Amino acid sequence: MIITIDGPAGAGKSTAARMLAERLGFEFLDTGAMYRAVAWACVDRNIDLTDSAAVTETASTIAIHFEEDRIVCNGRDVTVEIRSPEASHAASIVAAVPGVRLEMVRLQRESASECDCVTEGRDQGSEVFPNAECKFFLTADPQERAERRLLELQNRGQSRSLEEVLSQIVDRDERDCTRDIGPLVMAEDAVQVDTSGRTIDEVVDFLENTSRERLDNPNRTHAWPRP
Ligand code: DC
């Protein structure tokens, strides 16, 4: 079974997806971390992020592995590095490169092919797994999303102003929503969940109950169209 969780930055997707996967005993796939890893590898190799061919080449040749909640890129643990605001900015640029998306979608489908999986990102329900059994789209008020991101950064010892974080979030939403391939869009059959003012437990309880109803009444087709 595949459960997709999409939505804009700071809507609480990662935490909710991780907790949901744990409660259901499913694997968890953090697809944003994959785009972040590609961006990290490009910066590490001094590749110009506007050079689509070089960025695509990097995406096709790097080795990305998840080890528990760590992400390893080309043998190096980049879990912390890929979470900086600079890495977020770089990730949103490489994520708009069509060749990068093709490669990441291929890897995502491969990762989910042999397991029950909660997968989280922007295009999981709309593009990558259009036939997923259960789809959610998480949203939240931009101000609240910025406050959550700020807290996350502060917990990692990175200081930023709320205004700066809010403006980066609005900027990133704009890039994510307007790119030609795999834009941030709610799948028609997704359940929209506004997480504003809700605790993470309230959100995950709702996701879990809805998912279990689907598990009990499966309408199984293959999670993505076969070529
Ligand atoms: O969810 P995140 O903030 O870690 O995502 C990092 C960037 O990658 C963000 O700009 C959106 C992009 N992304 C994407 O385009 N498609 C996905 N499936 C996941 C993330």
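All of these numbers come straight from a predicted model, not from anything done at the bench. Ligands are counted one by one from 1 in listed order, and the atoms in each one are counted from 1 as well. Reckoned from all heavy atoms, side chains included, excluding hydrogens, waters and symmetry mates.
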Give the numbers and elements of all ligand 1 atoms closer than 4.0 Å to a heavy atom of [X].
X      : answer
Ala95  : 12 (C), 15 (O)
Ser92  : 10 (O)
Gln124 : 18 (N)
Tyr35  : 8 (O), 13 (N), 14 (C), 16 (N), 17 (C), 18 (N), 19 (C), 20 (C)

Do [X] and [Y] sit within salt-bridge range, that is, some charged N less than 4.0 Å from a carboxylate O?
X      : Y     : value
Arg83  : Asp30 : yes
Arg122 : Asp6  : no
Arg45  : Asp51 : no
Glu81  : Arg76 : yes

N/O to N/O below 3.5 Å, does that happen between [X] and ligand 1?
X      : answer
Arg149 : no
Arg101 : yes
Ser88  : no

Shortest protein heavy-atom distance from [atom], along with the residue and atom involved:
atom                    : result
atom 9 (C) of ligand 1  : Arg172 NH1, 3.4 Å
atom 19 (C) of ligand 1 : Thr31 OG1, 3.3 Å
atom 6 (C) of ligand 1  : Arg36 NE, 3.7 Å
atom 20 (C) of ligand 1 : Gly32 CA, 3.5 Å

**Prompt:** Does Arg83 have a heavy atom less than 4.0 Å from any atom of ligand 1?
**Reply:**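 Heavy atoms of Arg83 do come under 4.0 Å of ligand 1.
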
**Asked** Can a non-hydrogen atom of Arg175 be found less than 4.0 Å from any atom of ligand 1?
**Response**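 For ligand 1, residue contact (heavy atoms, under 4.0 Å) with Arg175 is absent.
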
**Asked** Regarding Ser92 and Arg175, is there a side-chain donor-to-acceptor distance under 3.5 Å anywhere?
**Response**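 On atom types as modelled, these side chains qualify, holding a pair under 3.5 Å.
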
**Message:** Side chain, backbone, both or neither: which applies to Val128 and ligand 1 if a contact is any heavy-atom pair less than 4.0 Å apart?
**Reply:**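 It is neither; nothing of Val128 touches ligand 1.
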
**Location of contacts on Arg179 toward ligand 1, heavy atoms closer than 4.0 Å** =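 Under 4.0 Å from ligand 1, Arg179 contributes side-chain atoms alone.
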
**Request:** With atom 2 (P) of ligand 1 as the reference point, say which of Arg122, Gln108, Glu120 has the nearest heavy atom.
**Result:**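 Going through Arg122, Gln108, Glu120 one by one, Arg122 has the nearest heavy atom to atom 2 (P) of ligand 1.
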
**Asked** Are Ile64 and Trp40 in one and the same hydrophobic cluster, where Ile, Leu, Val, Met, Phe, Trp and Tyr link if side-chain heavy atoms are under 4.5 Å apart?
**Response**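 In one cluster with Ile64: Trp40, yes.
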
**Asked** Atom CG of Leu138 and atom CE of Met186: how far apart are they, to the nearest 0.5 Å?
**Response**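 Separation between the atoms: 11.0 Å.
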
**Message:** Please give me the minimum heavy-atom distance between Lys13 and Gly7, naming the atom from each residue.
**Reply:**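 Looking at all heavy atoms of both residues, the shortest contact is NZ-O, 3.0 Å.
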
**Message:** So if I apply the side-chain contact (heavy atoms from CB on, under 4.5 Å) rule between Phe206 and each of Val203, Asn209, Thr210, which one comes out positive?
**Reply:**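 Only one of Val203, Asn209, Thr210 forms a side-chain contact (heavy atoms from CB on, under 4.5 Å) with Phe206, namely Thr210.
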
Would you give me the side-chain donor-acceptor pairs under 3.5 Å for residues 157-168, sequence neighbours excluded?
| unit_1 | atom_1 | unit_2 | atom_2 | d |
| --- | --- | --- | --- | --- |
| Arg160 | NH2 | Glu86 | OE2 | 3.0 |
| Ser161 | OG | Glu164 | N | 3.1 |

